[in-house]
Amino acid sequence: MTHRPRTKQIHLAAHFPGVNNTTVWADPRSRSQIDFSSFEHLARTAERGLFDFFFLAEGLRLREHKGRIHDLDVVGRPESLTVLSALAAVTDRLGLAATVNATFNEPYELARRLASLDHLSGGRAAWNVVTSSDAFTGENFRRGGFLDRADRYTRAAEFVATARELWDSWTPDGPDGPDGSVGEPRPFAHHGQHFDIAGEFGVPRPPQGHPVVIQAGDSPEGREFAASAADVVFTRHGTLEAGRAFYADVKGRLAAYGREPDDLKIMPGVTFVLGDTAAEAQERAIEIRRQQVSPQNAILALEQVWGVDLSAYDPDGPLPDIDPDPDSTLVQGRVKVGDPRAVAEQWRALSRAKGLSIHQTVIETTSRQSFIGTPAAVAEQFDEFVRTDAADGFILVPHLTPGGLDEFVERVVPLLQERGAFRTEYEGATLRSHLGLPEPVRKG
Ligand SMILES: Cc1cc2nc3c(=O)[nH]c(=O)nc-3n(C[C@H](O)[C@H](O)[C@H](O)COP(=O)(O)O)c2cc1C
């Protein structure tokens with residue numbers, strides 16, 4: 001018997017917080033962000049919870065603060081596709097998503113690595129295409145930070161299109177017939193603005209046709225790129241109101257590319273804090289925030305916006321009157337969120353309105369707690385977000401590495417299943433099938 005889902009289905013993914021200030025490092029349960037056992041723990045938990053995929057971010061240069069390597073970065077971060085290849089061996093169904101930059105790589109090489117992961121994992125690979133190409137990161141690469149924003153997205157779009165050409169370049173059927181055959185390579189040629197390449201691709205067509213493509217930029221160019229080329233958007237818009245606006249905006253761009261609203265899934269990155277009662281969850285949330293943002297961290301967070309040394313300021317005192325320096329190089333290697341002067345003004349307004357100190361303002365403005373409550377309340381909110389088109393699902397960022405997802409899988413997933421909003425078993429073998437995405441149309 002086939003049953004129709006009672007309600008719009010929720011998609012779930014697990015974000016491994018690598019180099020990060022989400023993890024409460026002071027918690028005795030916190031473990032390494034490098035050891036394979038940590039990756040394996042989170043991935044196995046996600047698979048036990050029937051999640052769509054496991055997600056790894058990427059940082060291509062260690063961040064700096066006042067000319068010194070950022071504390072958290074000295075622990076380092078392993079390369080995503082390597083980690084995911086190892087995880088492919090200890091999981092069966094879980095999708096494996098790697099963030100990989102389109103500015104500093106080459107299509108042939110990256111398409112080859114992604115196709116290899118897709119083969120090794122039986123159709124579970126995904127690529128989060130990012131473009132972050134500040135000159136600081138670019139210094140680690142041969143050509144430096146050579147692309148401005150508009151060019152980064154034309155390169156990214158051409159990069160993805162070229163990768164798709166390479167994945168499509170093998171014939172569907174080999175000499176031994178369609179079943180079990182890998183097909184045969186055919187010559188490819190791509191002559192474009194950013195890439196001028198020709199030859200034969202070294203890996204047969206991936207089991208998913210094309211690995212799933214995720215996009216994470218937020219500018220109009222980034223959204224347009226998502227509408228034209230992505231299967232999933234990873235977004236920061238994780239509140240009901242902002243989520244609905246973002247959802248409508250991005251889904252509204254799809255028709256121009258001949259795509260249906262369901263062809264692109266919108267998944268905000270969110271955190272959660274659970275408790276047996278609403279009050280207990282709130283208490284835990286406050287405690288977690290206190291541990292994530294020490295008074296010292298608050299000054300550092302402020303310096304990241306202002307771009308000037310603020311070490312003389314009292315974390316328990318008011319925000320600085322001076323304006324940020326938009327051209328500052330005090331902090332390097334972070335994705336800048338908005339115009340620093342506008343952010344500073346916003347923070348000052350909040351602090352004035354609520355009478356908050358520097359420390360309290362940073363706790364409020366950099367808050368990473370999206371869902372706080374009992375398992376039932378969190379399940380209800382997740383369902384509401386998805387039912388009312390504020391999201392198609394969530395990329396969960398736990399505040400403990402690697403055990404932070406355990407409680408969610410044990411206590412919230414069963415409630416989502418009871419509501420008929422989340423799968424009770426994996427139906428297909430590939431990530432594309434978990435996400436309900438169409439087969440990529442084969443060109444050529
Ligand atoms: C939710 C989210 C997650 C991102 N994760 C990464 C990442 O892991 N690595 C990276 O280099 N850039 C990351 N980025 C940066 C984007 O790919 C993009 O380069 C940046 O946001 C600038 O593009 P935009 O102007 O379109 O926002 C992320 C962006 C967003 C919004």
Side-chain angles (χ1 to χ4, degrees), residues 15 17-22 55-81 98-107 109-110 127-160 193-195 214-226 229-230 233-237 269 300-310 323-344 346 365-366:
H15 184 294
V19 165
N20 73 91
N21 48 10
T22 299
F55 181 94
L56 284 174
E58 178 184 70
L60 288 176
R61 180 158 179 180
L62 300 180
R63 295 167 295 176
E64 289 182 9
H65 193 101
K66 294 181 185 167
R68 297 217 328 260
I69 303 294
H70 191 271
D71 273 3
L72 292 164
D73 284 24
V74 295
V75 191
R77 161 148 61 184
E79 193 279 318
S80 301
L81 283 167
T99 300
V100 190
N101 201 293
T103 302
F104 304 119
N105 286 287
E106 290 295 321
E109 175 55 14
L110 185 56
W127 170 28
N128 178 32
V129 185
V130 293
T131 60
S132 46
S133 66
D134 52 282
F136 174 75
T137 304
E139 282 173 13
N140 267 348
F141 298 89
R142 184 164 52 91
R143 286 161 306 197
F146 69 114
L147 287 178
D148 70 21
R149 164 174 296 191
D151 289 340
R152 274 186 271 146
Y153 276 113
T154 57
R155 180 179 163 106
E158 191 178 330
F159 197 124
V160 173
Q193 184 193 346
H194 293 280
F195 309 107
I214 306 173
Q215 190 276 348
D218 194 33
S219 59
E221 296 92 334
R223 294 177 186 206
E224 205 58 33
F225 170 52
V233 177
F234 175 24
T235 166
R236 292 197 177 90
H237 299 287
L300 299 185
L302 216 61
E303 287 178 343
Q304 282 164 16
V305 175
W306 262 257
V308 294
D309 186 332
L310 299 173
D323 279 330
D325 172 5
D327 304 317
S328 165
T329 53
L330 183 88
V331 178
Q332 300 267 36
R334 274 180 185 277
V335 176
K336 291 196 172 55
V337 182
D339 166 22
R341 277 173 296 210
V343 175
Q346 243 176 357
T365 52
T366 62

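All of these numbers come straight from a predicted model, not from anything done at the bench. Throughout, numbering of the chain's residues begins at 1 and tracks the sequence.
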Practice problem: Could you go through the side-chain contact (heavy atoms from CB on, under 4.5 Å) check for Thr154 and His194 one step at a time? | Solution: CA-CA 8 Å; Thr154 57; His194 293 280; 3.0 Å; yes
Exercise. Dump the intermediate steps for side-chain contact (heavy atoms from CB on, under 4.5 Å) on Asp323 and Trp306, then the final yes or no.
Key: CA-CA 7 Å; Asp323 279 330; Trp306 262 257; 5.8 Å; no
Self-check item: Test log, rule salt bridge (charged side-chain N to carboxylate O under 4.0 Å, His left out), inputs Glu106 and Arg155
Solution: CA-CA 10 Å; Glu106 290 295 321; Arg155 180 179 163 106; 3.8 Å; yes
Quiz prompt | Trace of the side-chain contact (heavy atoms from CB on, under 4.5 Å) decision for Asn105 with Phe159 | solution = CA-CA 9 Å; Asn105 286 287; Phe159 197 124; 4.0 Å; yes
Exercise. Please report the C-alpha distance between Trp127 and Ile214 in whole Å, then the side-chain angles of each, then the deciding distance to 0.1 Å, and finally whether the side-chain contact (heavy atoms from CB on, under 4.5 Å) criterion is met.
Key: CA-CA 6 Å; Trp127 170 28; Ile214 306 173; over 6 Å; no
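With rounding to the nearest 0.5 angstrom, the CD atom of Gln193 is 6.5 Å from the CG atom of Asp151. Note that CG of Leu302 and CG of Asp309 are 11.5 Å apart. Values are rounded to the nearest 0.5 Å. Rounding to the nearest 0.5 angstrom, the gap separating the OG1 atom in Thr137 from the CZ atom in Arg61 is 7.0 Å. To the nearest 0.5 Å, the span separating CG on Asp134 from OG1 on Thr103 amounts to 10.0 Å. Interatomic distance, CD of Glu64 versus CD1 of Ile69, reported as 4.5 Å (0.5 Å rounding).
With sequence neighbours excluded, the residues satisfying side chain to side chain contact (heavy atoms under 4.5 Å, CB included) with Ala226 are Gln215, Ala230, Val233. Under the rule for a side chain to side chain contact (heavy atoms under 4.5 Å, CB included), the partners of Gln304 that lie at least two apart in sequence or sit in another chain are His65, His70, Val331, Arg334.
In this pair, Phe225 and Tyr153 present their aromatic rings tilted. The plane angle is within the 30 to 60° band. A parallel orientation is assigned to the rings of Phe104 and Phe141, their planes being inclined by less than 30° (bins at 30° and 60°).
Between Thr131 and Arg152, the shortest heavy-atom contact is O-CD, 2.9 Å. Ser80 and Ala57 get closest at one heavy-atom pair: OG-O, 3.3 Å. Between Gly18 and Arg77, the shortest heavy-atom distance links the atoms CA-NH1, 4.5 Å. Val305 approaches Pro340 most closely through the heavy-atom pair O-CB, 3.4 Å. Nearest heavy-atom pair, Glu158 versus Phe195, reported as atom, atom and distance to 0.1 Å: OE2-N, 3.1 Å.
The shortest distance between side-chain heavy atoms of Thr99 and Phe55 falls below 4.5 Å. Val129 is listed as a side-chain neighbour of Val160, based on a closest heavy-atom distance under 4.5 Å. Using a 4.5 Å heavy-atom cutoff, the side chains of Leu81 and Leu110 are in contact. In this structure, the side chains of Gln332 and Arg63 stay at 4.5 Å or more apart for every pair of heavy atoms.
Under the 4.0 Å criterion applied to side-chain N and carboxylate O atoms, Lys66 and Glu303 are assigned as salt-bridge partners. Between Asp218 and Arg236 there is no salt bridge, since no side-chain nitrogen of the basic residue lies less than 4.0 Å from a carboxylate oxygen of the acidic one.
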